Protein chains: 2
Amino acid sequence: MNIGQAADASGVSAKMIRYYEQIGLIRPPTRTDSNYRVYGSDEVHVLRFIRRSRTLGFSIEETGALLALWQDKTRASGEVRDIASEHISALETKIAELESMVGTLKHLVHCCQGDNRPDCPILDDLAGTHSKTKGH
Amino acid sequence: MNIGQAADASGVSAKMIRYYEQIGLIRPPTRTDSNYRVYGSDEVHVLRFIRRSRTLGFSIEETGALLALWQDKTRASGEVRDIASEHISALETKIAELESMVGTLKHLVHCCQGDNRPDCPILDDLAGTHSKTKGH
DNA sequence: CCTTGACCTTACCATGATGGGAAGGTCTAT
DNA sequence: ATAGACCTTCCCATCATGGTAAGGTCAAGG
């Protein structure tokens, strides 16, 4: 199987497959005489694993750790759970930050008339005019 | 005021101030004879505006638009509200995606014993073994 | 006057993950 | 044999930010 077919089969672009190889996330595959990369179903399986992990928001580094555990028959399931738990925490922190932003913006939009008057509470907030003395 | 003092006063790093100038977000300041950038309170005010906008998650491009509206006395407040509203939508989409990831991960962690058995539902899910036929 | 240290300047490189493209080699089907 | 689809490597771009290096400037103190 050439790289294009492996890409189709795994949902990972050929570009990314080469990149993952380059950074050492996956092993270099065998090559044909004409230097084409050759993949089998095992490699496609690994690529699917990576794609799913990335879809769930794991970084490449985390994905590499999960991949190592996946391929390690003697692994402890607790390690995997810890990685996932930490990832959940990070995601929840991110969500809280975004929700805070949304809250602030919604408040501002709510206060904003949206008409043609030059007064705009959103810009005033960004400028900090109502919380800080405007003079130098 | 030199760039370091402007950075302290605005909370924007000197590095970023130069970058914002380079990409045209802010105007090049006057220079001393020895080529040092010189800033006044107006510039610091602009930098604070930018920092606040970035903190709220607006991109540099959006920040530029908001900045132009802020500095445009004849602006329509509705434009600002529209930018903010679109930004809220984008943030909410992002939040929904993250929450979906968290939901999936929590389910997996919940199913995971966390002991030393090699069976791990998280890895199984990533590998897709329970939703896809393993053979090619 | 000279040194020291803190500051400034530009220029380049790096991140993380991905896409785009160019220039050139290979394979397959007609 | 040739066209078109595929492969190869290499370089560049994104976005916003940080770092580092090499060199210029300024203020304080001996």
Side-chain angles (χ1 to χ4, degrees), chain A residues 1-26 28-40 43-44 46-67 87 90-91 94 97-98 101, chain B residues 1-26 28-40 43-44 46-67 87 90-91 94 97-98 101:
Chain A
M1 192 176 358
N2 285 338
I3 199 169
Q5 294 163 298
D8 288 348
S10 66
V12 178
S13 73
K15 205 84 180 171
M16 279 302 101
I17 295 176
R18 294 195 195 96
Y19 174 69
Y20 292 155
E21 178 187 333
Q22 187 202 323
I23 63 173
L25 182 61
I26 58 179
T30 54
R31 304 274 189 137
T32 65
D33 287 349
S34 54
N35 207 30
Y36 282 21
R37 288 171 179 83
V38 180
Y39 299 92
E43 283 89 351
V44 169
V46 167
L47 288 171
R48 280 215 204 100
F49 182 100
I50 292 171
R51 187 175 70 101
R52 178 96 173 102
S53 172
R54 298 281 306 118
T55 300
L56 283 173
F58 288 99
S59 68
I60 297 264
E61 196 173 355
E62 286 168 328
T63 299
L66 291 171
L67 194 53
H87 189 52
L91 288 176
K94 187 75 184 166
E97 286 172 6
L98 291 176
M101 290 177 199
Chain B
M1 195 177 355
N2 285 340
I3 199 170
Q5 295 163 299
D8 288 347
S10 66
V12 178
S13 73
K15 203 84 181 174
M16 279 301 103
I17 295 175
R18 294 195 193 97
Y19 174 69
Y20 292 155
E21 177 187 333
Q22 188 202 324
I23 64 173
L25 182 61
I26 59 178
T30 54
R31 303 275 189 136
T32 64
D33 288 349
S34 54
N35 207 30
Y36 282 21
R37 289 172 179 82
V38 179
Y39 299 93
E43 283 89 351
V44 169
V46 167
L47 289 171
R48 280 215 204 99
F49 181 100
I50 292 170
R51 188 174 69 101
R52 178 97 173 102
S53 172
R54 298 282 305 118
T55 299
L56 282 172
F58 288 99
S59 68
I60 297 262
E61 196 173 353
E62 287 169 328
T63 299
L66 291 171
L67 194 54
H87 189 53
L91 288 177
K94 187 75 184 167
E97 285 172 6
L98 292 176
M101 290 177 200

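The chains referred to below are lettered A, B, ... by the order of the sequence lines, with proteins before strands, and numbering in each begins at 1. Every value quoted in this text rests on a predicted model; they were computed, and no experiment measured them.
- Residue-level contact check: R18(B) touches the bases, meaning some heavy atom is under 4.0 Å from a base atom.
- Between S13(A) and the phosphate of dT18(C), there is no side-chain N or O to OP1/OP2 separation shorter than 4.0 Å.
- For the pair Y20(A) OH and dA17(C) C1', the computed distance is 7 Å after rounding to whole Å.
- Taking atom CG of residue L25(B) and atom C1' of nucleotide dA16(D), one finds them 12 Å apart after rounding to whole Å.
- Residues F58(B) and H87(B) are in side-chain contact: their nearest non-hydrogen atoms beyond the backbone lie under 4.5 Å apart.
- Comparing dT9(D), dA17(C), dC7(D) against the side chain of S59(A) picks out dA17(C) as the nearest.
- In this structure, CD of Q22(A) is placed 14 Å from C1' of dT8(D), rounded to the nearest angstrom.
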>> Using a 4.0 Å heavy-atom cut-off to protein, can you give one letter per nucleotide of nucleotides 21-26 of chain D, 5' to 3': B if the base is in contact, S if only the sugar-phosphate is, - if neither?
In response: ---BBS

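- Separating the CD atom of Q5(A) from the P atom of dT28(C) is a distance of 10 Å, rounded to the nearest angstrom.
- The closest donor-acceptor contact from the side chain of E97(B) to the backbone of K94(B) lies at 3.5 Å or more, if one exists at all.
- The minimum heavy-atom distance linking A9(A) with V44(A) is given by the pair CB-CG1, 3.9 Å.
- Nearest heavy atom pair, residue Y20(B) against residue I50(B), reads CE1-CG2, 3.7 Å.
- Taking atom CE of M1(A) as the reference point, atom P of dC27(C) lies 18 Å away to the nearest angstrom.
- For the pair I50(A) CD1 and dT18(C) P, the interatomic distance rounds to 10 Å; values are reported in whole Å.
- A straight line from CZ of R37(A) to C1' of dC27(C) spans 17 Å, rounded to a whole angstrom.
- Nearest-nucleotide positions on DNA chain C place E21(B) closer to the 5' end than the other of E21(B) and Y19(A).
- Within the structure, every side-chain polar atom (N or O) of R51(A) is placed at least 4.0 Å from both OP1 and OP2 of dT18(C).
- Side chain of R51(B) to backbone of S10(B): a donor-acceptor contact under 3.5 angstrom is found.
- P29(A) has its side chain out of reach of V38(A): every pair of non-hydrogen atoms, C-beta onward, lies at least 4.5 Å apart.
- Residues A7(B) and S13(B) come closest through the heavy atom pair CB-C, 4.1 Å.
- In this structure, the CD atom of E62(B) is 12 Å from the P atom of dC15(D), given to the nearest Å.
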